[in-house]
Amino acid sequence: MTLRESLVRLGCMAVSGALAACPAGGDATTTSSGSEGASTGEATTTTTGATPTEPTTGAGTTEGVGTTGPGATTLVPDLGEASSTGDDTTGAAQCPPPLEQPPGSWTSQIVPVEGDALTYVADDQGNRIADFSYAGYHRGEAAIPDVPMALGIGPVDGDNTAQIQQAIDELGAMPLGVDGLRGAVLLAPGEYPIHGTVLLRHSGVVLRGAGDGDDPASSTILRAVGDEPHQRVVIVVGSGDNHKWQPELPNTRSDIVSELVPVGARSFDVADPSLYAVGDHVVIVHPCTDAWLAAVDHGGPGMDAPWAGNTLPLVFKRQVLGLDGATLTIDAPVFNHLDRALSQSYVYKADREGLVTEVGVEDLRIDIETLGGDDEDHAWSAIAMRGLEDAWVRRFTALHFGYAAVTIQTGTQITVADARALDPVAQITGERMYNFDVSNAQQILFTHCHATGGRHHFVSNGTSYTSGVVFHRSTSTGPNASSEGHRRWSMGLLYDNIVESEPAKAGLVVLGLYNRGDYGTSHGWSSVHSVAWNYDTGEQGVGVIQRPPTAQNYAIGGAGTFSGKKPPAPFDQPEGYIEGTGQPGLVPESLYERQLAERLCGR
């Protein structure tokens with residue numbers, strides 16, 4: 001079932017992985033009401049309405065060119081307006097009806113349904129499931145556009161890197177439209193040998209092929225050839241900067257003075273609210289202090305060295321949506337408690353110089369040339385997304401990578417949809433085979449993806465800079481290790497309706513929301529405040545769910561085997577919250593879909 005079909009069942013219309021705006025009677029609005037209280041530190045169960053996307057500015061229109069043959073460029077009359085994807089339903093969404101609960105269905109004790117809305121029950125430490133619906137392109141509030149073609153090229157003999165780069169840069173030199181877009185570079189069907197790295201580094205530019213199949217007569221295949229430089233990336237999308245939102249505008253820092261900002265909250269008080277305005281992009285930092293480290297058992301790294309102070313701040317990139325006295329309301333929740341007794345958190349305005357927005361890769365295939373087996377002298381990742389916001393990859397296939405098909409670093413509000421990461425080629429060992437990887441990125445949606453033959457198929461490898469990542473309605477075949485938060489306090493991962501099959505061995509841990517102890521380099525508590533919802537571990541796989549100090553992890557519904565005990569867990573830690581394994585009829589079937597529907601309709 002597609003995301004569109006699932007949401008239509010809820011009474012909402014989906015547009016390219018996002019809901020359209022709600023109609024009259026269910027208007028998507030932004031207010032500071034209904035958000036989580038900051039002064040008291042109490043998290044409410046009320047969901048807030050959707051917010052309009054930030055307007056973009058630009059001037060002028062873009063003239064386009066089309067393709068008539070290999071390597072040729074010709075003029076196209078004009079771009080016209082970007083539209084939503086043609087194969088999806090457009091128009092106003094209908095707000096979701098009350099959730100049906102037929103005989104035999106059930107709801108979670110900690111996410112019960114009251115009337116027609118989900119509520120969220122906190123435990124005695126204030127831990128609760130947060131709202132994950134802010135993941136993806138424009139927080140799920142806008143459809144991924146079908147950007148009109150501006151330039152078109154076909155394959156040429158030999159290395160095609162330069163001609164593709166020239167087309168991208170030529171389009172990137174054109175003015176942005178008022179919608180923040182410049183147009184799409186269209187690669188005609190055929191096979192394009194790529195000996196270098198293609199840089200998609202201009203805002204508003206889309207790289208589009210003719211399809212991601214294996215027939216060059218009807219699809220666009222980028223054939224990554226050679227190993228110069230060693231283990232290169234085939235396409236880098238974004239500025240290329242992986243600075244983890246550290247650049248800040250001078251004199252914009254203020255302490256958070258709320259005593260506790262609980263997980264899931266979207267409001268808090270600051271010492272100097274005059275520094276901020278609605279629309280500002282801000283970074284929230286909870287420093288890694290000795291007191292916080294003591295509270296989390298110094299990371300729980302087993303026999304390895306404990307985590308060191310000042311090395312793992314909890315970081316959230318957000319946008320200010322409301323100001324009321326000293327209270328800031330932000331666009332998405334925090335995915336960890338910000339406890340002033342453990343660390344003095346602060347906020348600053350982000351320096352967005354060089355940030356790339358409104359870029360996408362779609363309808364193409366990257367096949368990396370290797371010798372097979374354990375060969376590691378070849379292109380290493382198909383796509384690396386670095387230094388960007390509001391971007392996408394869709395209808396995309398990658399084969400024979402060593403590290404990742406798609407890896408996202410210092411990125412926010414990104415959707416990867418209908419993508420396949422197949423049959424990596426490398427040694428089956430550490431630092432390899434992360435088919436879909438998030439390393440220091442936030443509000444990321446992977447939907448309708450498929451991974452085969454890797455180690456960690458759906459993974460956060462980005463420590464405490466990573467949060468708000470949704471893996472949705474995707475499949476995993478032949479994993480050699482688990483999908484997981486991989487190391488050092490990845491926060492807020494949602495695995496929603498993932499289906500596992502054919503693990504490398506019976507009893508393999510295929511999902512880990514757990515402690516990794518002295519694996520790697522003091523990996524320790526690798527996932528916190530994370531959720532497996534209707535996850536199917538398959539007949540031979542196992543999901544491990546453990547409870548971190550000051551936090552919680554959850555497995556609700558699903559099929560197969562879930563446990564927090566050792567074994568199957570590699571390290572002895574308290575079991576997390578496990579409910580309803582093997583019990584069909586969980587309502588809602590998809591947590592992400594229902595949260596998105598309710599939020600966009602102001603529930």
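In what follows, residues are counted from 1 in the order of the sequence shown. Remember, it's a predicted structure, so these values are computed and weren't measured experimentally.
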Kindly say whether the aromatic ring centers of Phe471 and Phe436 come within a distance under 6.0 Å. no
Are Trp392 and Tyr137 an aromatic pair, judged by ring center distance below 6.0 Å? yes
Nearest heavy-atom neighbours spanning Asn480 and Ala504: OD1-CB, 3.4 Å
Please check: side-chain N/O of Gln595 versus main-chain N/O of Phe132, any donor-acceptor pairing under 3.5 Å? yes
A side-chain contact here means heavy atoms from C-beta on lying under 4.5 Å apart; do Phe458 and Val469 qualify? no
Lys349/Asp280 ion pair, N-O < 4.0 Å: yes
How about Val237 and Leu207: do any of their side-chain heavy atoms sit closer than 4.5 Å? no
Can His138 and Glu358 be counted as having a side-chain donor-acceptor contact under 3.5 angstrom? yes
Just checking, any donor-acceptor pair under 3.5 angstrom between side chains of Asp437 and His456? no
Mind checking the CD-CD1 spacing from Gln109 to Ile556? Nearest 0.5 Å is all I need. 9.5 Å
Consider only side-chain N and O atoms of Glu500 and Tyr535, and report whether a donor and an acceptor are under 3.5 Å apart. yes
Centroid-to-centroid, Trp307 to Trp525, below 6.0 Å? no
Do Leu445 and Tyr592 have side chains that get closer than 4.5 Å, going by heavy atoms? yes
Distance-only polar pair, side chains of Thr561 and Thr537, donor-acceptor under 3.5 Å: no
Could you tell me whether the side chain of Arg318 reaches within less than 4.5 Å of the side chain of Val320, counting heavy atoms only? no
Could you please spell out the steps behind the side-chain contact (heavy atoms from CB on, under 4.5 Å) verdict for His457 and Leu511? CA-CA 10 Å; His457 281 172; Leu511 173 69; over 6 Å; no
Going through the distances and angles, do Asn553 and His529 end up as a side-chain contact (heavy atoms from CB on, under 4.5 Å)? CA-CA 5 Å; Asn553 289 313; His529 297 296; 5.5 Å; no
Test your reading of the model: is there a side-chain donor-acceptor pair from Asp536 to the backbone of Gly560, 3.5 Å cut-off? no
Between Phe446 and Val470, is a side-chain contact (heavy atoms from CB on, under 4.5 Å) present by the stated rule, with each step listed? CA-CA 6 Å; Phe446 294 87; Val470 175; over 6 Å; no
Nearest non-hydrogen partners of Thr407 and Ser381, listed with the distance: CG2-OG, 4.4 Å
Row check, Tyr134 ring normal vs Arg599 NZ/CZ: under 6.0 Å, within 45°: yes
Does a side-chain heavy-atom distance below 4.5 Å link Thr107 with Leu586? no
Is the distance between the ring centroids of Phe571 and Tyr514 under 6.0 Å? no
Is any side-chain heavy atom of Ser530 less than 4.5 Å from a side-chain heavy atom of Phe335? no
Of all heavy-atom pairs between Arg201 and Val356, which one has the smallest distance, and what is that distance? O-CG2, 3.5 Å
Ionic contact status for Asp304 with Arg516, cut-off 4.0 Å: no
Do His281 and Arg352 get their side chains close enough for a donor-acceptor pair, meaning under 3.5 Å? yes
Please answer whether the main-chain N or O of Ile110 pairs with a side-chain N or O of Ser108 as donor and acceptor at a distance below 3.5 Å. yes
Check: Gly299 main-chain N/O paired with Asp297 side-chain donor or acceptor under 3.5 Å: no
Measuring from atom OG of Ser474 to atom CG of Asn497, what distance do you get when rounded to the nearest 0.5 angstrom? 9.5 Å
Give a yes-or-no answer on whether the side chains of Thr397 and Arg420 include a donor-acceptor pair shorter than 3.5 Å. yes
Can a donor-acceptor pair be found, under 3.5 Å and without considering hydrogens, that links the side chain of Gln442 to the backbone of Val315? yes
Minimum heavy-atom separation for Leu493 and Ser527, please, with both atom names. CD1-OG, 4.2 Å
Is there a donor-acceptor pair closer than 3.5 Å between any side-chain N or O of Arg128 and the backbone N or O of Asp123? no
To the nearest 0.5 Å, atom CG of Leu388 lies from atom OG of Ser203 at 9.0 Å
Do the ring planes of Trp292 and His286 sit parallel (below 30°), tilted (30 to 60°) or perpendicular (above 60°)? perpendicular
Given 3.5 Å as the limit, does a donor-acceptor pair link the side chain of Ser522 with the main chain of Pro301, or not? no
Between the side chain of Trp533 and the main-chain N/O of Pro588, is any donor-acceptor distance below 3.5 Å? yes
On a heavy-atom basis, the closest approach of Asp241 and Thr410 is O-CB, 3.8 Å
Can you tell me if CD on Gln125 sees more than 12 non-hydrogen neighbours from other groups inside 6.0 Å? yes
Tell me, with the steps shown, if Asp363 and Arg395 meet salt bridge (charged side-chain N to carboxylate O under 4.0 Å, His left out). CA-CA 5 Å; Asp363 297 305; Arg395 300 185 298 268; 2.6 Å; yes
Report yes if the side chains of Leu260 and His337 come closer than 4.5 Å at any heavy-atom pair, otherwise no. yes
Sequence neighbours left out, what passes ring-ring contact (aromatic ring centres under 6.0 Å, His included) with Phe396? Give chain and number order. none
Strictly distance-based, threshold 3.5 Å: is any side-chain N or O of Thr311 a donor or acceptor partner for the main-chain N or O of Ala308? yes
Pairing donors with acceptors under 3.5 angstrom, does anything connect the side chains of Gln552 and Tyr554? no
Short side-chain to backbone donor-acceptor contact, Asn534 and Gly558, under 3.5 Å: yes
Rounded to the nearest 0.5 Å, how far does CD1 of Ile366 lie from CD1 of Ile235? 4.0 Å
For Tyr348 against Pro247, the heavy-atom pair lying closest together: CE1-O, 3.9 Å
Between Asp418 and Arg394, is there a salt bridge with N-O shorter than 4.0 Å? no
Let me confirm one number: the CZ-CD1 distance from Phe268 to Ile256, rounded to the nearest 0.5 Å. 4.5 Å
For His448 and Thr475, run side-chain contact (heavy atoms from CB on, under 4.5 Å): C-alpha distance rounded to whole Å, both residues' side-chain angles, the deciding distance at 0.1 Å, then the answer. CA-CA 8 Å; His448 295 98; Thr475 52; over 6 Å; no
Presence of salt bridge, Arg473 and Glu589, under 4.0 angstrom: yes
Ser267 and Thr329: side-chain donor and acceptor closer than 3.5 Å? yes
Evaluate the side-chain proximity of Val393 to Glu362: yes if any heavy-atom separation is below 4.5 Å, no if none is. no
Among Ile330, Val334, Val283, side-chain contact (heavy atoms from CB on, under 4.5 Å) partner for Phe316: Val334
Between Gln409 and Asn440, do the side chains contain a donor N or O and an acceptor N or O under 3.5 Å apart? no
For the atom pair OG (Ser464) and CZ (Arg487), what is the distance rounded to the nearest 0.5 Å? 10.0 Å
Without hydrogens or angle criteria, can the side chains of Asp423 and Thr452 be said to hold a donor-acceptor pair below 3.5 Å? yes
